[in-house]
Structures are given as C-alpha cells and as structure tokens.
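Just follow the structure's listing: the first ligand is 1, and inside any ligand the first atom is 1.
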Amino acid sequence: MLTAYDFPTGRACENHGVDITLVGDSLAQVCLGYESTTQLTLDEMIHHCRAVARGSKSPLLVADMPFGTYHSGPEEAVRNAVRLIREGRIEAVKIEGGVEIVDTVKKLTSMGIPVMGHVGLLPQRHSMLSGYKVQGKDARSAELVLRNALALEEAGVFAMVIEAVPRVVGTYITQRLRYASTIGIGAGSGTDGQVLVWDDVMGTWGGHKAKFVRRFGDVKKEVEVGVKRYMKEVRDRTFPAENESYEMPAGEHEKFLSLVEETGVAGQGGQQKVSSYMVS
Ligand SMILES: Nc1nc(=O)c2c([nH]1)NC[C@@H]1CN(c3ccc(C(=O)N[C@@H](CCC(=O)O)C(=O)O)cc3)CN21
Ligand SMILES: CC(C)C(=O)C(=O)O
Ligand SMILES: [Mg+2]
C-alpha cells in the first residue's frame, strides 16, 4: 500500500502495480502544509480523493476518515463515509482506534462499507499521546494494542494498519488474527503488507524523518536540479531555442510589417519599455 494525494500520484500507483492506494490524512502535512492531520477537513479530503480516483483505477482505493468525521458516533461515521464514497469515489474507509470504535466499525460494515482499521501509533491523537511515540513497547501496552486489533477484527475490518510498534508485536498480532490482513508502518517485517507515505518514499518530505522511513527515490534533488536549470536558461536566454518556437509561413512576416504600417498600428517601436517592476 502506498499513499497518493493527486491525479499523477494516483496514476503512478495504477501504472506501477500498487495493490492498495491510500488517500492518507497525512496529506494535511505533506501536501497542504498543516501542522497535524487534525486540521484536515472532510471537504479537503474529498477534493483530493476525487483527483486520486481519476488516476488510480485498479488498485483498491482507501481513504482516511479525517479527524472529527466519525467521533460523534456510528450515524455520523456512516453519513461521512457515504460522502467519501459518493463524492470522493473511494471504495473503503480507514479509521484510527480500537475497542472504542467497535460500534462504528460494525455499523459501517453492516451497511456494506468496507473498513480498514488503524492501531498502534494514532497520529490523530498526537496531543493526547504527547507526540508521535512508539506504542506497545512494554508488555501491558503491547497487550492493549493486541486487544484493539482483535476487537477490530471481531467488528469486521478487512485489514488494519499497525503503526510504530516493536517488530515482535507487529508479528504477533499478524499471526494471532484469523481474517484481517495487517499492513505495517514501523511495525517490522512480520506484517502481511507495508505502507509508507508517498513523500517519504520519494524523498520530497522536508520534515522529520521517522525511523521507519526508507527513501526509495530522491525526487527532491531532481526538483532542485530542474528548477535551477530552468531559471538559469530563462535568464541567460538559451531557453526557448528556435526549435521550441513557432515560425510564420514564408512571406507573412513582411506582409505583417507592411500591414501594421498601413493601418497605423505600428507606432514608434524600439523605445525603452516602461515597467514599474523592471530590475536593472
Ligand atoms: N511524512 C509523513 N510520514 C508519516 O509517516 C506520517 C506523516 N507524515 N504525517 C501523519 C503521520 C504522522 N506520523 C509520524 C510522525 C512522526 C513519527 C516519529 O517521529 N516517530 C519517532 C518515534 C519516537 C519514539 O517513540 O521513540 C521516530 O523517530 O521514529 C512517527 C509517525 C506518521 N504519519
Ligand atoms: C501512513 C498511513 C498509514 C496513514 O494513515 C496516512 O498516510 O495518513
Ligand atoms: Mg492517516
């Protein structure tokens, strides 16, 4: 599974064999520049889902339900999941939480809406958790993560993300579950699948790099090279070249010059251009 936030990244997931495309609420940070995922609205999420859906056709298309769109109970969750499906064109929703969201998961799945769970580190609760911290490090908290995973499976999720837990905990939960697939992020190699944020994979995210991130591309470097070359070649006038410009058919330029002379549109020409923002 890989995240996507717009049409070209959705298209890339489609073209290069990604199994599940996730419109993650991480888009709040890596795409929209918000401080945390809690700032993201449902309308913003839907806007991005629609773009991704136009590009990503064959992978399963899942979207995070933004913070506050499923917190008031099962009815609110259904109402907002229906908007994500009908307006956002996604196929399944992902929600963060454990035993406390069981009724919501049951309601959604009973209405035929596939649900992906998300346990371990829950970014939407970073305030309550005092930051982005590895979960399940001691025996007690590992048992809590396991209980949450089992409760979600019982409630009917088809899969769940396990985020930032010790490797052995990711492996144990994966083996203990009977039906639900696990997709790890910072949960070690023992989960059924893996997920990462697009910008972490491509090296375009300039913020904090979590321990679980591996960069598979250096797009940031490519972008720097491209922008700098473009600016240089515009300024030294080597861009555009003749073969990047249009010609007039033979004789038309001369006709044009005579025409503007006749019609009086020619004016003075050749004088210094007056521009308030001209430099040097
Ligand atoms: N670029 C990006 N990648 C993500 O994986 C991601 C986002 N953004 N935004 C939404 C959430 C936030 N996430 C995060 C953010 C930070 C850490 C982090 O700094 N973790 C510490 C663990 C510290 C500890 O408990 O020891 C780390 O250094 O890995 C983890 C997940 C995951 N999601
Ligand atoms: C990293 C994945 C699991 C996620 O929830 C997101 O991108 O928002
Ligand atoms: Mg998320």
Side-chain angles (χ1 to χ4, degrees), residues 1-6 9-10 13 18-42 44-45 48-49 52 56 59-70 84 88 90 92-97 101 115-138 141-142 145 149 152 157 159-167 169-170 181-188 191-217 219-220:
M1 183 160 85
L2 184 58
T3 71
Y5 309 110
D6 55 19
T9 56
C13 290
V18 168
D19 293 312
I20 307 176
T21 303
L22 173 69
V23 189
D25 58 353
S26 50
L27 89 84
Q29 285 152 301
V30 302
C31 222
L32 302 178
Y34 289 131
E35 274 295 317
S36 87
T37 59
T38 57
Q39 306 297 298
L40 187 74
T41 68
L42 184 61
E44 288 170 325
M45 178 52 101
H48 285 263
C49 286
V52 173
S56 179
L60 178 70
L61 186 54
V62 183
D64 264 324
M65 292 196 72
F67 179 77
T69 64
Y70 58 97
L84 281 164
I90 55 97
V93 296
K94 179 163 84 60
I95 50 182
E96 295 183 10
I101 59 161
V115 179
M116 180 180 283
H118 186 149
V119 298
L121 194 169
L122 307 180
Q124 292 181 358
R125 303 187 193 188
H126 70 280
S127 298
M128 189 74 157
L129 300 169
S130 304
Y132 302 101
K133 298 203 176 119
V134 176
Q135 303 292 302
K137 274 175 113 170
D138 58 77
S141 67
V145 180
L152 289 177
V157 301
M160 69 187 74
V161 164
I162 306 179
E163 177 162 351
V165 299
R167 191 174 60 242
V169 176
S181 303
T182 60
I183 304 174
I185 172 165
T191 52
D192 296 311
Q194 298 290 330
V195 61
L196 280 177
V197 165
W198 176 276
D199 297 80
D200 290 335
V201 169
M202 302 310 162
T204 42
W205 172 238
H208 176 76
K209 179 176 170 293
K211 187 185 181 185
F212 55 71
V213 168
R214 185 188 292 180
R215 293 198 179 120
F216 292 84
V219 177
K220 193 177 179 183

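Contact check for L42 versus L84: side-chain heavy atoms found under the 4.5 Å cut-off. Side-chain contact between Q39 and L32: absent, with no pair of heavy atoms (C-beta onward) separated by less than 4.5 Å. Within the 4.5 Å cutoff, side-chain heavy atoms of K209 are placed close to those of R215. Between D25 and M45 the shortest side-chain heavy-atom distance falls below 4.5 Å. I20 is listed as a side-chain neighbour of M116, based on a closest heavy-atom distance under 4.5 Å. Counting heavy atoms from C-beta outward, V134 and P166 have side chains that approach closer than 4.5 Å. Contact annotation: the side chain of Y70 never approaches that of V93 to less than 4.5 Å [non-hydrogen atoms, C-beta and beyond].
Contacts with ligand 2 closer than 4.0 Å are made by side-chain heavy atoms of L22 only, the backbone lying farther away.
Considering both main-chain and side-chain atoms, D64 comes within under 3.5 Å of ligand 2 through a nitrogen or oxygen pair.
Near ligand 1, heavy-atom contacts under 4.0 Å come from S26, Q29, V30, T37, L121, P123, Y132, K133, V134, E163, I185, V197, D200, W205, H208, A210, K211, F212.
The two residues T191 and G188 come nearest to each other via the heavy atoms OG1-O, 3.7 Å. When all heavy atoms of V52 and Y5 are compared, the pair lying nearest together is CG2-C, 3.4 Å. In this structure, H118 and E163 approach most closely via the heavy-atom pair NE2-OE1, 3.0 Å.
The nearest protein atom to atom 5 (O) of ligand 2, hydrogens excluded, is given as K94 NZ, 2.9 Å; this is a heavy-atom distance. Given atom 8 (O) of ligand 2, the protein heavy atom at minimum distance is D25 OD1, 2.8 Å. From the protein, the heavy atom lying nearest to atom 1 (C) of ligand 2 is I185 CD1, 3.6 Å.
Per-residue contacts place G24 under 4.0 angstrom from the following atoms of ligand 2 (heavy atoms of the residue considered): 6 (C), 7 (O), 8 (O). Per-residue contacts place H118 under 4.0 angstrom from the following atoms of ligand 2 (heavy atoms of the residue considered): 5 (O). Atoms of ligand 2 found under 4.0 Å from any heavy atom of S26, numbered from 1 in the order shown, are 6 (C), 7 (O), 8 (O). In summary, the atoms of ligand 2 found under 4.0 Å from a heavy atom of T3, numbered by their order in the structure, are 7 (O).
For the pair E96 (side chain) and Q124 (backbone), a donor-acceptor distance under 3.5 Å is present.
Taking CD1 of I185 as the reference point, atom CG of L121 lies at 9.0 Å (rounded to 0.5 Å). Put simply, CG on L22 and CG on L60 are 10.0 Å apart, with the number rounded to the nearest 0.5 Å. One distance of note links CZ of R125 with CD of Q135; it measures 10.5 Å at 0.5 Å rounding.
Protein N/O/S atoms found under 2.8 Å from the Mg ion (ligand 3), listed by chain and residue number: D25 OD1, D64 OD2.
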